Amino acid sequence: MDHEVSSSALGAVGAAGLSPLDLFLHASIVVKLVMVGLVLCSAGVWAIIAEKILLMRRVNREATEFEDRFWSGGSLDDLYESDGARPTHPMAAVFGAAMGEWRRSARIAGIDLARGGVRDRIDRAINITVSRENDRLGRRVIFLATIGPVAPFVGLFGTVWGIMHAFGSIAAMHNTNLSVVAPGISEALFATAIGLVTAIPAYVAYNVISNSLDKFADRMDAFGTEFAAILSRQSEERADETSSGKA
């Protein structure tokens, strides 16, 4: 047996083909399953990336438009009827939760809106809504956090299995010629390559999207705090007006 790398062996490797499709078709069934699984995960990763990018752009645009209307000096009751009663975006949901709680409290006969209980309920309504909206916006992001660290190891498993399969072929053929070794090794390494191609975008996207979600959560918290202060001030003004009327 010729154990040296010869030009004829190199020609045989070239004839076999090392394109991605050829590497997949000639891989063992286990390596094929690994590759298919990683490709499906990669498709899921890119679908989530596209969805979250479009979603964050939309909610930030809607939040800006809503804040413009909120700070324009118009009636809060009118804004509640148009946006807060049936909110279609997170910022309106925060406004609607706080305003709805304040209006329900105001309808209670003889209640002092300036007392701590009302403020506490408004704060809780804001916090619960912010948390719920964060969970909704962050749905499926955990998939990116999972695929990022796991995909390379899945690809490595395919590589190890492929190399074992290649060595088995070498032993069966009693030949270490490049035409025997190269295809199996290439198929095995291709699995690791797919794992890295899947993992890198997932890891980067998870950090970028998480940062965007954190910033938007801070934006909702800031708006909720400002709005709670406005409602507290209006409650105190109503209490003063009521006390003056009784006097």
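Just so you know, residue 1 is the first one in the sequence shown, and it goes up from there. This is a predicted model, so every value here is computed, not measured.
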Could I get the full list of side chain to side chain contact (heavy atoms under 4.5 Å, CB included) partners for L21, not counting sequence neighbours?
-> S19, L25

Geometric class of the F223/F70 ring pair [parallel <30°, tilted 30-60°, perpendicular >60°] | perpendicular

Among side-chain atoms of S131 and R136, is any donor-acceptor pair under 3.5 angstrom?
-> no

Those residues that, when tested against E81, pass salt bridge (Lys or Arg N to Asp or Glu O under 4.0 Å) (two or more places apart) = R103

Atom pair CZ (F95) and CG (L231), whose distance is rounded to the nearest 0.5 Å = 8.0 Å

pair V141-S210: side-chain heavy atoms closer than 4.5 Å = yes

Check whether any side-chain N or O of K52 sits under 3.5 Å from a backbone N or O of L137 as a donor-acceptor pair, and report yes or no.
-> yes

Does any non-hydrogen side-chain atom of R219 lie less than 4.5 Å from one of M91?
-> yes

Which word best sums up how the rings of F157 and W161 line up, parallel for under 30°, tilted for 30 to 60°, or perpendicular for over 60°?
-> tilted

For the student: nearest non-hydrogen atoms of E62 and T88, plus distance | OE1-O, 4.4 Å

Taking only residues two or more places apart in sequence or in another chain, which ones pass side chain to side chain contact (heavy atoms under 4.5 Å, CB included) with T225?
-> none

Of all pairs that satisfy salt bridge (Lys or Arg N to Asp or Glu O under 4.0 Å), the ones with a partner from residues 140-167, not counting sequence neighbours | E51-R140

Who are the salt bridge (Lys or Arg N to Asp or Glu O under 4.0 Å) partners of R124, not counting sequence neighbours?
-> none

Determine, using the 4.5 Å side-chain heavy-atom cutoff (strictly less than), whether I128 and V130 are members of one ILVMFWY cluster.
-> no

Sorted by first residue and then second, give each salt bridge (Lys or Arg N to Asp or Glu O under 4.0 Å) pair with at least one member in residues 195-208; sequence neighbours left out.
-> none

Can you name the nearest heavy-atom pair linking L144 to A205, along with the distance?
-> CD1-CB, 4.1 Å

